[in-house]
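What you see below is based on every heavy atom in this structure, not just the backbone, and it leaves out hydrogens, waters and symmetry mates. Keep in mind the model is a prediction, meaning the values are calculated, not measured. In what follows, chains carry the letters A, B, and so on, assigned in the order in which the sequence lines appear, proteins first and then strands, with residues in each chain numbered from 1.
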Number of protein chains: 2
Amino acid sequence: MDNRSPSSTRARILEVAGPIFAEKGRRETTIRDIVQAAGVNQAAVNYHFRDKDGLYAEVLRVAVHGGLKTESEEGAPAEQRLRELVRASVQRFYDHERQGWQTRLMMRELEEPSAPFVTLMDEIVGHIMPRVSRIVAELNPALDDEQRWLCCHSLMSHCNGMPKAEFFLERSRPGWLNRPAAERAQQLTDHISRFCLAAIGGIE
Amino acid sequence: MDNRSPSSTRARILEVAGPIFAEKGRRETTIRDIVQAAGVNQAAVNYHFRDKDGLYAEVLRVAVHGGLKTESEEGAPAEQRLRELVRASVQRFYDHERQGWQTRLMMRELEEPSAPFVTLMDEIVGHIMPRVSRIVAELNPALDDEQRWLCCHSLMSHCNGMPKAEFFLERSRPGWLNRPAAERAQQLTDHISRFCLAAIGGIE
DNA sequence: AGAAATTTCAAACGCTAGTTTGAAATGCAT
DNA sequence: ATGCATTTCAAACTAGCGTTTGAAATTTCT
């Protein structure tokens, strides 16, 4: 069917499995869903990945490592770097074509972490926390360690929580979800940036 | 076994089903889990609730309506009311004995809403939003409608997001989860309150 | 080219889930 | 007490899941 790459069976499975796992969840996704989408045989998953969990662990691994590629412009002022961080985080939720499924998968893992994910978590935290921490420290040098640490998590929790709660946004302001995705992303980015800048700058 | 109430089969099922659904998820929970915990027959669920989804919808209904009972002290100043709102929201996460399972169930629904939940969502939003909106309006009368609306959702998203992301807190500060729950709840409540007060008061 | 290893495939196996069934037990009016 | 409706029960049914299997097809190596 879709033959844009002369990929092996293994590669085709890996390619289609990510979005399906993200969409339906690890448990709800069936091997039959995946092999049908990939156009390969039932047993292919078990042959190439040992079992369903093996496939899932591999999907998770490439998703995490794919998401950890960020180039940071360290020269810019903290305020601008924060805006960029927020923009990138929010954007992920609306970029369904490229990497949206990776974010969905992470959200599911946050809800109930799987064994392979816990192993990868340290990598994620170690990758993003230093950047955020530096931004917060520059925005408000008066904060002590613990306050800065909590502010970092407030910021990240915010970037993930708001886009995910769009249901609620829609409920309290019907029509929100009808706006184009780019506009929603822009508006959330602006608000979160301003909200967190005000908070970090003015806290205590 | 536990016979504190001479409840009917139907009531016993309804009583044990909530925590189990919250713990294992709607799909992963089996009817056999529930009937075993309730000490009733297999077919009882299908007889009293038509099918598994019927039971789930009923569990969700009572959980939501049980959670909507809040007495608000409208006389207090906005700052204090915000603190109380945050405290109550955070507390829910740590109160596993009484109502913890209801919160877990809501979090699962936020992740991927079920059909019956969508119906109940308007009730939830309609119940809590006016209160929050009034608090925000008093804290910063200069905000326009849209800004106030976004701040409300920032606040609520924050109250839910931070406690749920304790995994990340633990990863970036090992030992966090070893502290007693009451202390963690207190610390998060303090931080979220201060963070959001600074944000709402100082935004734009 | 021919042999060996690897990969693909259709089919079936074992298991667990939700649901159905029909009879037995219970409650409740007359 | 008797008859009828409701509720409980053990057991079986159906469907879908992950996995296994052994042979066929393909690739790789000498």
Could you state the atom-to-atom distance from [atom1] of [X] to [atom2] of [N] in whole Å?
X       : N      : atom1 : atom2 : result
A:Arg27 : D:dG18 : CZ    : C1'   : 11 Å
B:Arg12 : D:dT7  : CZ    : P     : 15 Å
A:Asp53 : D:dC17 : CG    : P     : 16 Å
A:Glu28 : D:dG18 : CD    : C1'   : 15 Å
B:Asp33 : C:dT16 : CG    : P     : 12 Å
B:Lys52 : D:dT14 : NZ    : P     : 21 Å
A:Ile31 : C:dA12 : CD1   : P     : 19 Å
B:Lys24 : C:dA17 : NZ    : C1'   : 12 Å

Using only heavy-atom distances, determine whether the side chains of [X] and [Y] contain a donor-acceptor pair under 3.5 Å.
X        : Y        : result
A:His153 : B:Ser172 : yes
A:Ser193 : A:Asp190 : no
B:Glu146 : A:His191 : no

- Query: On a plain distance test, is the side chain of A:Arg32 in donor-acceptor contact with the base of D:dG16 below 3.5 Å?
  - Reply: no
- Message: Looking only at the side chain of A:Tyr47 (C-beta and beyond, no hydrogens), which of the listed nucleotides C:dA11, C:dT8, D:dA11 gets closest?
- Response: C:dT8
- Message: By nearest heavy atom, map B:Thr30 and B:Arg50 onto DNA chain C; which one lands nearer the 5' end?
- Response: B:Thr30
- Backbone N or O of B:Thr29 within a donor-acceptor pair of the B:Lys52 side chain at under 3.5 Å? yes
- Query: How would you label the contact of B:Ala43 with the nucleic acid (heavy atoms, under 4.0 Å): base, sugar-phosphate, or nothing?
  - Reply: base
Taking only N and O in the side chain of [X], is any of them less than 4.0 Å away from OP1 or OP2 of [N]?
X       : N      : answer
A:Asn41 : C:dA10 : yes
A:Thr9  : C:dT7  : no
A:His48 : C:dT6  : no

- Identify the residue among B:Gln186, B:Arg184, B:Glu166 that makes a side-chain hydrogen bond (donor to acceptor under 3.5 Å, both in side chains) with B:Tyr94. B:Glu166
